[in-house]
A.B. asks: 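One structure, as structure tokens, below. Some questions next.
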Protein chains: 2
Amino acid sequence: MSASSTSGVARRRRRSDRSPTIHDVAKAAGVSKSAVSLAIRNQKGVSEATREHILAVAQELGYRSNVWARSLVQGRTGLVGVLLQDLGNSYHRDVTAGVEDAAAEHDLRLVIGHGRRDQKRLQAELDSLLALGVEGVVIISAWVPPAYLDQVARRVPLVVVGRLPQHVPGLDSVANQDEIGARAAVEHLVELGHTRIAHLTGSTGPAAMQRRRAFRQMMRSLWPEVEPQVEGPDQLQAAIKYLVFQVRQEVAAPTAVFTQNDRIAAELVGACIDAGVRLPEQLSIVGYDNSSVCRMLRPQLTSVDQPRVKMGHMALNMLFERLGGRTEDKHLTVAPSLVVRGSTTSPALQHT
Amino acid sequence: MSASSTSGVARRRRRSDRSPTIHDVAKAAGVSKSAVSLAIRNQKGVSEATREHILAVAQELGYRSNVWARSLVQGRTGLVGVLLQDLGNSYHRDVTAGVEDAAAEHDLRLVIGHGRRDQKRLQAELDSLLALGVEGVVIISAWVPPAYLDQVARRVPLVVVGRLPQHVPGLDSVANQDEIGARAAVEHLVELGHTRIAHLTGSTGPAAMQRRRAFRQMMRSLWPEVEPQVEGPDQLQAAIKYLVFQVRQEVAAPTAVFTQNDRIAAELVGACIDAGVRLPEQLSIVGYDNSSVCRMLRPQLTSVDQPRVKMGHMALNMLFERLGGRTEDKHLTVAPSLVVRGSTTSPALQHT
DNA sequence: GAAGTGTCATGGAACGTTCCAGAGCTGTTA
DNA sequence: TAACAGCTCTGGAACGTTCCATGACACTTC
């Protein structure tokens, strides 16, 4: 008995510094646990006076309802997982903010998992979110194998923000229309008078491919006899070097470059400045994402903007519809828009 | 008929899709729930044959242990909260990565909450982490009222990464030694030959104050007769404009600026370029944080680097020590180091 | 053959919460 | 005054899991 009571005491000791439970509040307030439960959930069945008293006591004890116990009995957690690839990324931040705001409207809370640009980790993180009992998952530009997506989508509603590498039944998606973004970029350059426009890409992901394809199509329809110049995605550094070399040679060199994203555009800008290429006089550059670096660079970067917060909003709302019982798949798109800044100008200025 | 029954079945499947419980597995395998519990946790007390049989059945049913129920009875969740102010921030990303790696070593999982630079939200997020039952919290540069920190620290171990605005008993912290960083920056500039060095700051937060104070002290000890020039933190844009104006006038203008962080440095760089100030010839600039923008800018930014991942590591390890029973407070510091890039040069070059 | 020692397996008691049926009131109506 | 209705409030039964005491054997040892 004494031996077993020792461990019992150890356990109990641990319990004494545990968070206060509904029982503690009930005891301190002199009411039943049921009354406390009703009071803190703002349900009726308890008088206003009692409610205030209970809330005051709860506040004083620092009581916080235990989500696990609640979800255990209710059978739902009120948790939504957000899986993102890179924490330090303003695109992900903004989409997440949108998801979060929409979630708050439906009394859902966010749990964030991040894959750190590592596929294994991404999957592990997704597993972990499911183990936490999220009721749905929003995946932000995170490339997870389709087979795995399918498996997850069978268990909980799943919404992907961004392009899907391939069609996966049973899940929703919201993406910006990369074709429109790419076309807007090229149109802008064409209107300025550019004819020799190159594309610089650093990835073979679905979004990148879409942009590249749209670029090619657009260029071919404008100048059918010329093969559109696409650099990358392999050996990005070499591709950048080559572009800069071309521009310095000034022989049939591109006068403008549409890049796959702002990060790559920033690298190109840096390489140009290092090589003494005058921007935007000698080369116009258009980015994609309208991220915070656009305004840090000089010249400031013209870029394609996606309605990021709105996309997050839409993603969560679709997820909510699924929770409500929708079974058919839904794939939404939003139109990106071009934000013109100083990195693009007319090629007429190039030989002045 | 067949169409409607399909959807009906699909729906029903989804509802009764409620994950199988340990009871279901026990029933299907013809053993007690206790046996299943032992088997899936790989504990002894069950024969190898039975275990294999149970695991096979569990696998077939797609059984996944319910984390909530487990943590409810075990009294621990294995969860650690990370509270950060801004998702799209590489400093936070790196610290979080460090925390995460260290957590994995101790079989702890991360739950990320983010305050989106809003104090109310920050507190709500912290509340929510506690409600989830995290066993400890790491707060990354998130300014939460000390009274609130104190309240939280009474309930769970709390580690702050970054400077504390004031001493709060019962919690740990890990911070970079801002004095050392500031001094390294100024020393570097002095060694290059600068004498008129200004400081540009945009915040009154504890880290910013520390850097500012160290800057003042260092400058006073070097040139006691001159009042150190500090611009900001109010009206940052005006402060930047004024600095640029001074440099263009070239009358007793600062030849170098040490900024509170990279973001502010980037703005200064942009303003200089816009105004035609040649960098680094006319003005040397040192940032703080060694963030990813340093290498995007031209000239590339000399900056003070903090061992971010290591700080995250240390933070979680301290938290783990607390969980193990340590009661005395611990405040660690790490030494930052200067990363020299192209934004700093000798003032001798300035009038060439 | 009794006692002791393992191993394997079991059912009941927690854990902190919500839900539910119902108890005790007070007031209203027939 | 009986019947009823409407509030408050309550204790017990879930929820899915782990922990614990104990039972049922099969061996060994005295």
Side-chain angles (χ1 to χ4, degrees), chain A residues 1-12 14-54 57-58 61-79 107 131-133, chain B residues 18-54 58 61-78 130-133 135 155:
Chain A
M1 177 114 188
S2 77
S4 73
S5 87
T6 309
S7 100
V9 164
R11 240 189 110 103
R12 193 145 316 156
R14 223 181 138 191
R15 276 167 171 266
S16 75
D17 61 26
R18 100 221 121 132
S19 313
T21 74
I22 205 169
H23 284 103
D24 301 325
V25 178
K27 207 166 135 194
V31 294
S32 74
K33 59 180 174 48
S34 308
V36 177
S37 178
L38 293 172
I40 57 165
R41 280 178 301 145
N42 245 324
Q43 294 217 332
K44 63 178 199 170
V46 71
S47 70
E48 204 47 47
T50 321
R51 160 165 296 141
E52 273 173 23
H53 177 223
I54 291 174
V57 171
L61 291 183
Y63 169 77
R64 280 177 183 91
S65 116
N66 180 326
V67 176
W68 309 105
R70 165 178 294 173
S71 65
L72 187 55
V73 51
Q74 287 189 328
R76 58 182 303 255
T77 56
L79 258 36
D107 267 328
L132 273 181
Chain B
R18 209 175 40 127
S19 314
T21 75
I22 205 170
H23 283 103
D24 301 327
V25 178
K27 206 166 136 197
V31 294
S32 75
K33 60 179 173 47
S34 308
V36 177
S37 178
L38 293 172
I40 57 165
R41 281 178 300 145
N42 244 325
Q43 294 215 334
K44 62 178 202 171
V46 70
S47 71
E48 204 47 48
T50 321
R51 159 164 296 141
E52 272 172 25
H53 176 221
I54 290 174
L61 291 183
Y63 170 77
R64 296 188 74 143
S65 131
N66 181 328
V67 183
W68 334 319
R70 167 178 295 174
S71 66
L72 188 56
V73 52
Q74 287 188 329
R76 58 181 304 259
T77 54
L130 291 176
L132 270 182
E135 293 180 37
R155 297 194 32 189

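Chain letters run A, B, ... following the sequence lines, proteins first, then strands; residues in each count from 1. Note: hydrogens, waters and symmetry copies are ignored here, and every other heavy atom, side chains too, is used.
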A.B. asks: Are OP1 or OP2 of C/dA9 and a side-chain N or O of B/Thr50 less than 4.0 angstrom apart?
C.D. replies: yes
A.B. asks: Find which nucleotide of DNA chain D each of A/Glu48 and A/Lys33 is nearest to by heavy atoms, and output the residue with the more 5' nucleotide.
C.D. replies: A/Glu48
A.B. asks: Over how many whole Å does the gap from A/Glu52 atom CD to D/dT8 atom C1' extend?
C.D. replies: 16 Å
A.B. asks: Does B/Val67 reach a base, just sugar-phosphate, or nothing at all? Heavy atoms under 4.0 Å.
C.D. replies: nothing
A.B. asks: Any side-chain N or O of A/Arg70 below 4.0 angstrom from OP1/OP2 of C/dG16?
C.D. replies: no
A.B. asks: Check whether the side chains of A/Arg64 and A/Ser19 place a donor and an acceptor atom closer than 3.5 Å, and report yes or no.
C.D. replies: no
A.B. asks: Toward the 5' end of DNA chain D, which comes first, B/Ser34 or B/Trp68, by nearest nucleotide?
C.D. replies: B/Trp68
A.B. asks: Of the options D/dG16, C/dT18, D/dT18, whose atoms approach the side-chain atoms of B/Ile40 most closely?
C.D. replies: D/dT18
A.B. asks: So, is A/Arg41 close to the C/dC19 phosphate, meaning a side-chain N or O under 4.0 Å from OP1 or OP2?
C.D. replies: yes
A.B. asks: Considering just the side-chain nitrogens and oxygens of A/Gln74, establish if one lies under 4.0 Å of OP1 or OP2 belonging to D/dC15.
C.D. replies: no
A.B. asks: Out of D/dT18, D/dC9, D/dA14, which nucleotide sits closest to the side chain of A/Ser47?
C.D. replies: D/dC9
A.B. asks: Which whole-number value in Å describes the distance from A/Leu72 CG to D/dA13 P?
C.D. replies: 17 Å
A.B. asks: Let me know, please, whether B/Ala69 or B/Lys44 comes out on the 5' side of the other along DNA chain C by nearest nucleotide.
C.D. replies: B/Lys44
A.B. asks: Whether the side chain of B/Ser71 engages the backbone of B/Val67 through a donor-acceptor N/O pair (distance < 3.5 Å, no angle test) should be reported.
C.D. replies: yes
A.B. asks: Picking from C/dT17, D/dT10, D/dT17, which would you name as closest to the side chain of B/Tyr63?
C.D. replies: D/dT17
A.B. asks: Judged by atom type as modelled, is there a donor-acceptor pair below 3.5 Å linking the side chain of A/Thr77 to the main-chain atoms of A/Gly133?
C.D. replies: yes
A.B. asks: Is the distance from OP1 or OP2 of D/dT18 to the nearest side-chain N or O of B/Ser37 less than 4.0 Å?
C.D. replies: yes
A.B. asks: Strictly below 4.0 Å: does B/Ser32 bring a side-chain N or O up to OP1 or OP2 of C/dT10?
C.D. replies: yes
A.B. asks: Compile the donor-acceptor pairs under 3.5 Å between side chains in residues 28-39 of chain A and protein atoms, sequence neighbours left out, one pair per line.
C.D. replies:
unit_1: A/Ser32; atom_1: OG; unit_2: A/Ser34; atom_2: N; d: 3.4
unit_1: A/Ser32; atom_1: OG; unit_2: A/Ala35; atom_2: N; d: 3.2
unit_1: A/Ser37; atom_1: OG; unit_2: A/Arg41; atom_2: NE; d: 3.3
unit_1: A/Ser37; atom_1: OG; unit_2: A/Arg41; atom_2: NH2; d: 2.9

